[in-house]
There are 2 protein chains.
Amino acid sequence: MDKKDSMAKKEKIILAAKDMFANKGFNGTTMDELAKQAKVNKATIYYYFKDKEALYEYVFAESINNVVNDLEKRLKNTKTATDALKAYIDSFYFNSKEDETFMRILLRAVASQCYLFPKQVMKKFLRMLSILEDILDKGYNEGVFKKTDTKLVHFMIVGGISFLLTTKDKRSSIYETFDNTPKNFNKDDKYANRQLYEIILKGLGVK
Amino acid sequence: MDKKDSMAKKEKIILAAKDMFANKGFNGTTMDELAKQAKVNKATIYYYFKDKEALYEYVFAESINNVVNDLEKRLKNTKTATDALKAYIDSFYFNSKEDETFMRILLRAVASQCYLFPKQVMKKFLRMLSILEDILDKGYNEGVFKKTDTKLVHFMIVGGISFLLTTKDKRSSIYETFDNTPKNFNKDDKYANRQLYEIILKGLGVK
DNA sequence: CATACAGTTAACTAAATAGTTAGTTTAACT
DNA sequence: AGTTAAACTAACTATTTAGTTAACTGTATG
């Protein structure tokens, strides 16, 4: 068996792990089921990863790194604070759209009062927060943003996006089961990032 | 043993359950540890609740009912859509401040793509969403709000609040451990609800 | 052809887990 | 004091769990 095939197995494990950690959380994910879903022998998982926790950390770190890298790329093409804030929203929005597991793992980590944050992930997370802080400071100095709490803005963005994307697939069945869903509940939200621009930018005082 | 003491035991179980389901999630919570934390015999839990799931549902439903009841009380004292929206924010904010477990359980339920939502809880949740929709419609008809997606507004509110409150206790230790925390990271947010008013109301186009 | 080595596996272990059982204690009422 | 029912419990069971082991495979290298 050559390297490509072995890489494929590791990749299979990572994919299944992302999906299961997102859906069922750390404790809800069992190594047996994970092996089954990844279609590898359970011992193969332990060949590539020290233990369950190491796998979790790997998966979480990889996801957040993707977002941070994408964010930094996007920021290079921006001049104004307004554009930078849009880029901040977009990097979460488009990354989560492509791989919605990240947001779900993040939600759980927050819910656990951060004990599910591996150190390296927390570091990256704080890095993003300080990038956002710089953007908000810049906007304030440019006279277009009002002073606001960075972390509040951050989680309004992340909260809004994560909710929209994680409930996306279930909404139509909820809509059918319950009779009191709001009007647009089942509507597709293709341009939700633009709605977020609207609310957040106006909310920060941009004319 | 009189009724008060037996109520006290059931209450102890509920309190411990809230705390553990919030901190560790459904699967991370073990009945043995729960019994230990509640200081009751494990079998006593099964005397009061059919099984782990029933306990989870009870706890989740009780929490969301508190929020909905509080919301409906607050709404009675409002005239304008703006005040109603503030009441909506406040009912989440003050309830979560008093009992922060609810938000954490909610975050996990969302992360699980809603399979952790018991039916009765989902019903109440949709009830809240339709209340918010009425508020937003009213504001639109009054000419003060722009048209927006109800669920997006809802989760920006809930996301913002849940993040602030769930990370509250850990922030100072994070601040000490990592060197790149943003400026106000460790700041107390007594009036976070007012900051939320600002951003959300302005975001909706209120002058 | 022999040796080495990365990759893979079925079968196993020790510990933890949700839930049960069969019985004991407590308190209220006659 | 005796009866009853609710509240409670220590000890148990069957199952599931994370992680291990020891052996096997294919391939590359000398």
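Just so you know, these numbers use all the heavy atoms, side chains as well, and skip hydrogens, waters and symmetry mates. In what follows, chains carry the letters A, B, and so on, assigned in the order in which the sequence lines appear, proteins first and then strands, with residues in each chain numbered from 1.
Between A:I13 atom CD1 and D:dG19 atom P the separation is 14 Å, expressed in whole Å. Put simply, NZ on A:K50 is 12 Å from C1' on D:dA18, counting in whole angstrom units. When rounded to the nearest whole Å, the span between OH of B:Y48 and P of C:dT20 equals 18 Å. The CG atom of A:N27 sits 15 Å away from the C1' atom of C:dA18 (whole-angstrom rounding). Here C:dG7 presents its C1' atom at 14 Å from CD1 of A:I45, a figure rounded to the nearest Å. Separating the CG atom of A:D32 from the P atom of C:dA16 is a distance of 17 Å, rounded to the nearest angstrom. For the pair A:K52 NZ and D:dT17 P, the computed distance is 9 Å after rounding to whole Å. Atom C1' of nucleotide D:dA10 and atom OH of B:Y47 are separated by 18 Å, given to the nearest angstrom.
B:F102 does not carry B:K18 over the face of its six-membered ring by the limits of under 6.0 Å from the centre and within 45° of the normal. A cation-pi arrangement is present between A:R194 and A:Y191 under the rule of less than 6.0 angstrom and at most 45 degrees off the ring axis.
In the set D:dT20, D:dC8, C:dG7, the nucleotide with an atom closest to the side chain of A:Y46 is D:dT20. Out of D:dA7, C:dT17, D:dA18, the shortest distance to the side chain of A:T30 is found at D:dA18.
Salt bridge A:E57/A:K119: absent, no basic N to carboxylate O contact under 4.0 Å.
Interatomic distance, OG of B:S112 versus NZ of A:K170, reported as 8.0 Å (0.5 Å rounding).
Within the 6.0 Å centre-distance limit, the rings of A:F60 and A:F117 are counted as a close aromatic pair.
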Carefully, step by step, assess B:F145 and B:Y140 under the rule ring-ring contact (aromatic ring centres under 6.0 Å, His included).
CA-CA 5 Å; B:F145 292 171; B:Y140 178 71; 9.5 Å; no
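Taking a 4.0 Å limit (strictly below) on heavy-atom distances, residues 34-44 of chain A reaches DNA chain D at A:K42, A:A43.
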